[in-house]
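Because only heavy atoms are used, hydrogens play no part in the values below, and waters and symmetry mates are left out as well, while side chains stay in. Here is how names work: the chains are called A, B, and so on, in the same order as the sequence lines, proteins then strands, and each is numbered from 1.
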There are 2 protein chains.
Amino acid sequence: MNLPPLIQAFVLHFGEMGSRWGINRTVGQIYALLYVSPEPLCADEIVEKLGISRSNVSMSLRELQAWNLALPRHRPDDRRDFFTTPDDVWQILRTLAEERKKREVDPTLSVLREILLEEPGSEAERHAQARMAQMHGLIEQLTTWYDDVKRLETDRLAQLLRLGARITRILETKDALLSLGRGRRKASAATEHE
Amino acid sequence: MNLPPLIQAFVLHFGEMGSRWGINRTVGQIYALLYVSPEPLCADEIVEKLGISRSNVSMSLRELQAWNLALPRHRPDDRRDFFTTPDDVWQILRTLAEERKKREVDPTLSVLREILLEEPGSEAERHAQARMAQMHGLIEQLTTWYDDVKRLETDRLAQLLRLGARITRILETKDALLSLGRGRRKASAATEHE
DNA sequence: TCTAATTTTCACGAATTACTGAAATTGCCG
DNA sequence: CGGCAATTTCAGTAATTCGTGAAAATTAGA
């Protein structure tokens with residue numbers, strides 16, 4: 001490996017974390033390298049900097065492209081492919097969220113839906129279905145929320161993050177106003193609003 | 001494997017997804033089985049229902065406990081350990097978020113912090129550090145937000161989810177009020193509020 | 001302390017996944 | 001249509017991860 005120390009530390013870390021992120025070492029390293037490179041890199045430069053085989057680079061770039069985390073950039077009068085990562089970190093976050101949802105939650109959601117359509121054949125199955133329905137309900141709430149907020153502009157998203165839990169102050173105010181207007185109801189019913 | 005069809009389908013799915021979730025097949029299957037079981041199960045029952053070796057069950061239960069996703073339950077006058085999953089799906093979500101953050105985010109955050117303290121030795125390193133600073137900033141915003149909302153009661157959390165992007169209507173109203181009060185500023189500066 | 005039930009550890013083989021070099025393919029230029 | 005540069009595919013091997021059975025450890029009674 002042929003890199004300045006700080007960059008090498010970053011690249012090696014991404015390689016090690018790769019397994020925890022569900023990608024492999026090489027893919028992690030290449031992503032990290034592209035991310036910190038000021039200019040797009042071609043495959044042979046990656047080979048040289050990381051000290052891995054050409055074919056490995058080719059396959060790993062292909063996987064990064066499948067994740068939309070590596071983008072091909074062509075140069076005039078150069079037949080080689082150069083690659084970068086998306087440069088806006090918020091865009092990277094969105095991409096990552098989208099791809100992980102696609103791979104990690106959507107399949108489960110559809111399996112749950114299928115199973116829940118079946119007729120339980122025993123008491124055990126009836127109970128299991130009830131549990132699955134709980135899980136399904138939660139996942140659906142989460143994905144509905146996600147589909148909703150992912151459409152926000154980045155500025156709004158950042159604003160929401162910064163607000164954090166303080167958002168609930170606003171909700172509390174709103175609840176108070178509503179229950180005044182309606183002639184006060186039981187507080188737990190307030191979650192039905194909007 | 002010795003299970004009613006609906007439960008088997010669920011268990012097998014969790015086994016297959018295991019690799020994508022960063023756990024292995026057996027761990028996924030055991031979790032799924034415990035999740036849908038009306039009563040806690042002991043190791044031998046799991047062996048019998050899933051058709052895997054006793055030692056594999058032992059190691060997998062240990063891993064599930066490390067994730068706080070399997071809880072030991074003792075019965076009077078019975079030396080065996082019985083296991084369940086937490087029964088509230090919201091609690092499971094919290095546990096999952098916490099554990100994944102610990103394993104997948106925190107290490108990166110601390111590596112980034114370390115590297116950012118170093119003095120860059122070249123222009124390439126200077127640029128790389130700037131990129132890492134962007135990544136660090138985003139991760140820190142996200143974890144701050146997470147630390148904030150994870151403290152909310154479940155009802156409030158569910159309320160927020162249900163609101164989804166409509167929350168921005170409230171923000172817009174608030175922005176409008178504030179900019180009126182301050183004598184109208186440029187809209188993009190509004191993200192600085194609160 | 002001994003015994004028997006239960007759980008855990010661990011070395012090994014099985015299965016899976018990652019990486020490589022060689023060969024095949026692509027695509028551009030003359 | 002060659003010829004050349006670049007990329008991709010793929011079969012084989014290396015490395016890692018998974019699952020097992022046998023043996024060791026633990027623990028509660030006798």
Side-chain angles (χ1 to χ4, degrees), chain A residues 1-2 11-12 14-34 40-67 70-84 103-104, chain B residues 1-2 11-12 14-34 40-67 70-84 103-104:
Chain A
M1 192 170 295
N2 184 10
V11 165
L12 288 178
F14 265 63
E16 279 166 31
M17 292 302 282
S19 50
R20 302 195 190 179
W21 295 100
I23 60 178
N24 69 38
R25 185 157 38 104
T26 308
V27 173
Q29 290 184 352
I30 293 179
Y31 175 78
L33 179 62
L34 294 179
L41 300 178
C42 71
D44 283 322
E45 290 169 320
I46 298 172
V47 167
E48 198 262 325
K49 284 170 198 283
L50 298 184
I52 57 182
S53 75
R54 187 54 237 277
S55 51
N56 196 2
V57 170
S58 176
M59 290 192 299
S60 301
L61 280 173
R62 162 177 285 249
E63 186 169 347
L64 280 174
Q65 284 176 281
W67 279 81
L71 307 173
R73 290 271 177 273
H74 293 107
R75 287 184 185 174
D77 301 330
D78 194 330
R79 280 167 51 192
R80 292 172 298 175
D81 271 341
F82 290 78
F83 294 89
T84 3
R103 290 167 172 74
E104 300 182 6
Chain B
M1 190 169 298
N2 184 9
V11 165
L12 288 178
F14 265 63
E16 281 166 30
M17 292 302 282
S19 49
R20 303 196 189 179
W21 295 100
I23 60 178
N24 69 37
R25 183 157 39 103
T26 309
V27 173
Q29 289 183 353
I30 293 180
Y31 176 78
L33 179 61
L34 293 179
L41 300 178
C42 72
D44 283 323
E45 289 169 322
I46 297 172
V47 166
E48 198 263 326
K49 284 170 198 282
L50 298 183
I52 58 183
S53 76
R54 185 55 236 278
S55 53
N56 195 4
V57 170
S58 176
M59 290 193 299
S60 301
L61 280 173
R62 159 175 287 248
E63 186 170 347
L64 280 173
Q65 284 175 282
W67 279 81
L71 307 172
R73 291 270 176 273
H74 293 108
R75 287 184 185 174
D77 302 330
D78 196 329
R79 279 169 51 196
R80 291 172 299 176
D81 272 341
F82 289 77
F83 294 90
T84 6
R103 290 166 172 74
E104 300 183 5

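Atom pair M59(B):CE and dT8(C):C1' shows a separation of 10 Å (rounding to whole Å applied). The distance between atom CD of E45(A) and atom C1' of dA5(D), rounded to the nearest whole Å, is 16 Å. Rounded to an integer number of Å, the gap from CD1 of I52(B) to P of dT17(D) is 20 Å. Summarising the geometry, the separation between CG on L50(B) and P on dC18(D) is reported as 17 Å, rounded to the nearest angstrom. Rounded to whole Å, atom P of dT17(D) lies 16 Å from atom CD1 of I23(B). For the pair F83(A) CZ and dT7(D) C1', the computed distance is 10 Å after rounding to whole Å. Separating the CZ atom of R75(B) from the C1' atom of dA28(D) is a distance of 18 Å, rounded to the nearest angstrom. Atom P of nucleotide dA15(D) and atom CD of E16(A) are separated by 18 Å, given to the nearest angstrom.
Between the CG atom of L41(A) and the CD1 atom of I46(A) there is a distance of 5.5 Å, given to the nearest 0.5 Å. Atoms CZ and NE2, from F83(B) and H74(B) in turn, are 7.0 Å apart once rounded to the nearest 0.5 Å.
R54(B) has no side-chain polar atom (N or O) that falls below the 4.0 Å cut-off from OP1 or OP2 of dT6(C). Regarding contacts with the backbone of dA15(C), every side-chain N or O of R25(B) stays at 4.0 angstrom or more from both OP1 and OP2. The side chain of S55(B) places no N or O atom within less than 4.0 Å of a non-bridging phosphate oxygen (OP1 or OP2) of dG19(D). Between dC19(C) and N24(A), a contact under 4.0 Å exists linking OP1 or OP2 to a side-chain N or O.
Of the listed nucleotides (dT7(D), dC19(C), dT20(D)), dT7(D) has the atom at the smallest distance from the side chain of D81(A). With dT7(D), dA5(C), dT20(C) as the candidates, the nucleotide lying closest to the side chain of R79(B) is dA5(C). Comparing dT20(D), dC18(D), dC19(C) by their closest approach to the side chain of N56(A) singles out dC19(C).
Judged by the 6.0 Å distance and 45° axis criteria, R75(B) is positioned over the aromatic ring of F82(B). For R103(B) and W67(B), the positive end sits near the middle of the six-membered ring, less than 6.0 Å away and at most 45° from its axis.
Residue whose closest nucleotide on DNA chain D sits further toward the 5' end, between D78(A) and T26(B): D78(A).
Remark: the S53(B) side chain and the dG21(D) base include no donor-acceptor N/O pair separated by less than 3.5 Å. The base of dA6(D) is not paired with the side chain of R80(A) by any donor and acceptor separated by under 3.5 Å.
Test V57(A), N2(A), V11(A) against L50(A) for side-chain contact (heavy atoms from CB on, under 4.5 Å) and you get one pass: V11(A).
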